[in-house]
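Residues: numbered from 1 along the sequence shown. Keep in mind that this is a model prediction, so the values were computed, not measured.
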Amino acid sequence: MDKLKIGETELDSRLFIGTGKYSSNDILPKVITSSKSQVITMALRRVNLDSPKENILNYIDKNCILLPNTSGARNAEEAVRIARLAKAAGCGNWIKIEAISDNKYLLPDNYETIKAIDILAKEGFVVLPYMNPDLMDAKRMVDAGASAIMPLGSPIGTNRGIRTEEMIQILIDEIDIPIVVDAGIGKPSQAAQAMEMGADAVLINTAIASSNDPIMMGDAFRNAVIAGRKAYLAKVGSVKKIASASSPLTGFLQGDE
């Protein structure tokens, strides 16, 4: 499979996973193994240096890339503060910007997100912004220094699938940096759908963590992402309105005259 490049880093896996909502932290290493994910996102508030049992970092393989998010930030100022704290806590220089002041639908504020990108990219962060899929805002994020764009498929944690398909497709077609579909994907088939569209990766949390068997579901999503990417690279056949036989309908049943 072709590699995914974000910033200066090349990745074999195009499946990013989250760390929230699991029944126990102990299951997380097994999910990371089954999913073969290399990029793991988590909230800074779960980095508890005073309690090894509660510190999420103790359950993430050291070879994985940490993608701390700015969960809880309502604006650019708060997102920047959390990003700097994450770096100081040893989480590296990757950051997922979440600037959310809407408490009902948890929709990201693109305007505040762009302001945060501009500050953090200049400080050397590899910035991946979570955003409402809008082409003009995506272009502004690229100009501000984003290393990838993370449009939502549907409201976070809903498992409703890709309800913003047409808008995401526009980003895939028009934006030159990686597109990572984030939020709302509830089934492996929906992850495959995103990859078939041409998305560069997907981020999955709730769909794996809330399943009856997160370890098996992690493997299912891994295979779905691989299948979707292969389908995109192979280019699917054209869609037709009328039937088209795959084998000749005439010839071999007609005898010699």
Side-chain angles (χ1 to χ4, degrees), residues 3-20 32 37-49 55-101 108-134 136-152 171 174-183 199-203 205:
K3 294 181 182 294
L4 168 62
K5 187 174 183 179
I6 295 180
E8 298 301 318
T9 302
E10 286 191 342
L11 302 167
D12 294 313
S13 173
R14 292 173 180 269
L15 172 60
F16 301 178
I17 66 170
T19 55
I32 293 174
S37 178
Q38 295 172 280
V39 177
I40 315 297
T41 187
M42 80 290 178
L44 179 62
R45 60 178 175 270
R46 301 192 65 203
V47 179
N48 187 343
L49 300 178
N55 187 355
I56 194 66
L57 296 182
N58 291 330
Y59 299 88
I60 301 174
D61 191 288
K62 303 304 180 185
N63 293 320
C64 292
I65 295 172
L66 297 176
L67 180 60
N69 61 56
T70 63
S71 173
R74 295 163 295 179
N75 53 47
E77 181 181 0
E78 293 177 359
V80 169
R81 185 184 307 123
I82 293 171
R84 290 169 177 165
L85 287 171
K87 188 174 183 179
C91 297
N93 69 334
W94 283 45
I95 191 73
K96 175 187 172 187
I97 298 296
E98 294 184 13
I100 300 172
S101 57
D109 184 329
N110 287 355
Y111 176 72
E112 293 293 326
T113 299
I114 293 166
K115 292 197 294 183
I117 296 167
D118 186 58
I119 295 169
L120 294 171
K122 290 174 180 174
E123 294 182 8
F125 282 88
V126 177
V127 186
L128 289 76
Y130 173 55
M131 54 95 71
N132 272 310
D134 176 271
M136 295 303 106
D137 282 343
K139 288 183 175 181
R140 293 182 184 101
M141 291 177 184
V142 173
D143 291 341
S147 295
I149 301 291
M150 305 183 73
L152 62 86
L171 300 189
E174 300 297 330
I175 299 298
D176 291 332
I177 61 174
I179 303 297
V180 182
V181 179
D182 178 18
D200 295 282
V202 297
L203 193 157
N205 186 180

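- Between L128 atom CG and I95 atom CD1 the span is 9.5 Å, to the nearest 0.5 Å.
- Between K122 and D118 a salt bridge is recorded (basic side-chain N to carboxylate O distance below 4.0 Å).
- In plain terms, the two heavy atoms of V181 and A199 that are nearest each other are CG2-CB, 3.8 Å.
- Across T70 and A79, no two heavy atoms sit closer than the pair CG2-O, 3.4 Å.
- When all heavy atoms of A116 and A76 are compared, the closest pair comes out as N-CB, 3.8 Å.
- Note that the OH atom of Y130 and the NZ atom of K96 stand 6.5 Å from one another [nearest 0.5 Å].
- For the side-chain contact (heavy atoms from CB on, under 4.5 Å) with C91, the qualifying choice from L66, L85, I65 is L66, the only one to do so.
- Counting all heavy atoms, side chain and backbone alike, L15 lies closest to S37 at O-OG, 2.7 Å.
- Under the 4.5 Å side-chain criterion, counting only non-hydrogen atoms from C-beta, I17 is in contact with I40.
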Problem - Residues D109, I100; criterion side-chain contact (heavy atoms from CB on, under 4.5 Å); working and verdict - result: CA-CA 6 Å; D109 184 329; I100 300 172; over 6 Å; no
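- Proximity of E98 to P129: side-chain heavy atoms (C-beta onward) are nowhere separated by under 4.5 Å.
- In this structure a side-chain-to-backbone donor-acceptor pair under 3.5 Å is present from R14 to D200.
- Taking every heavy atom of both residues into account, C64 and I32 meet most closely at SG-CG2, 3.9 Å.
- A distance of 9.5 Å separates NZ in K87 from CG in L120, rounded to the nearest 0.5 Å.
- Between the CH2 atom of W94 and the CG atom of L67 there is a distance of 7.0 Å, given to the nearest 0.5 Å.
- Side-chain contact check for I60 versus T19: some heavy-atom pair is nearer than 4.5 Å.
- E10 places no side-chain N or O within 3.5 Å of a backbone atom of K3 that could act as its donor or acceptor partner.
- Of the inter-residue distances, the one linking M131 atom CE with L152 atom CG reads 8.5 Å to the nearest 0.5 angstrom.
- Residues E77 and I119 are not in side-chain contact: their nearest non-hydrogen atoms beyond the backbone lie 4.5 Å or more apart.
- Distance check: K62 NZ to L57 CG gives 6.5 Å after rounding to the nearest 0.5 Å.
- A donor-acceptor contact shorter than 3.5 Å links the side chain of N205 to the backbone of G20.
- Contact of the V142 side chain with the D176 side chain is not registered, since no non-hydrogen atoms from C-beta on lie closer than 4.5 Å.
- A salt bridge links K115 with E112; the closest basic N to acidic carboxylate O contact falls under 4.0 Å.
- A heavy-atom distance below 4.5 Å is found between the side chains of F16 and L11.
- In this structure, I149 and M141 have side chains that are in contact, with non-hydrogen atoms separated by less than 4.5 Å.
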Exercise for the section: Assess whether salt bridge (charged side-chain N to carboxylate O under 4.0 Å, His left out) is satisfied between R140 and D143, documenting all intermediate values. Expected result: CA-CA 5 Å; R140 293 182 184 101; D143 291 341; over 6 Å; no
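- For E123, the salt bridge (Lys or Arg N to Asp or Glu O under 4.0 Å) partners at least two apart in sequence or on another chain are R84.
- Using a 4.5 Å heavy-atom cutoff, the side chains of L4 and I6 are in contact.
- What you find for N132 and P108 is that their closest heavy atoms are ND2-O, 3.1 Å.
- D182 contributes no side-chain N or O that, together with a main-chain N or O of P151, makes up a donor-acceptor pair within less than 3.5 Å.
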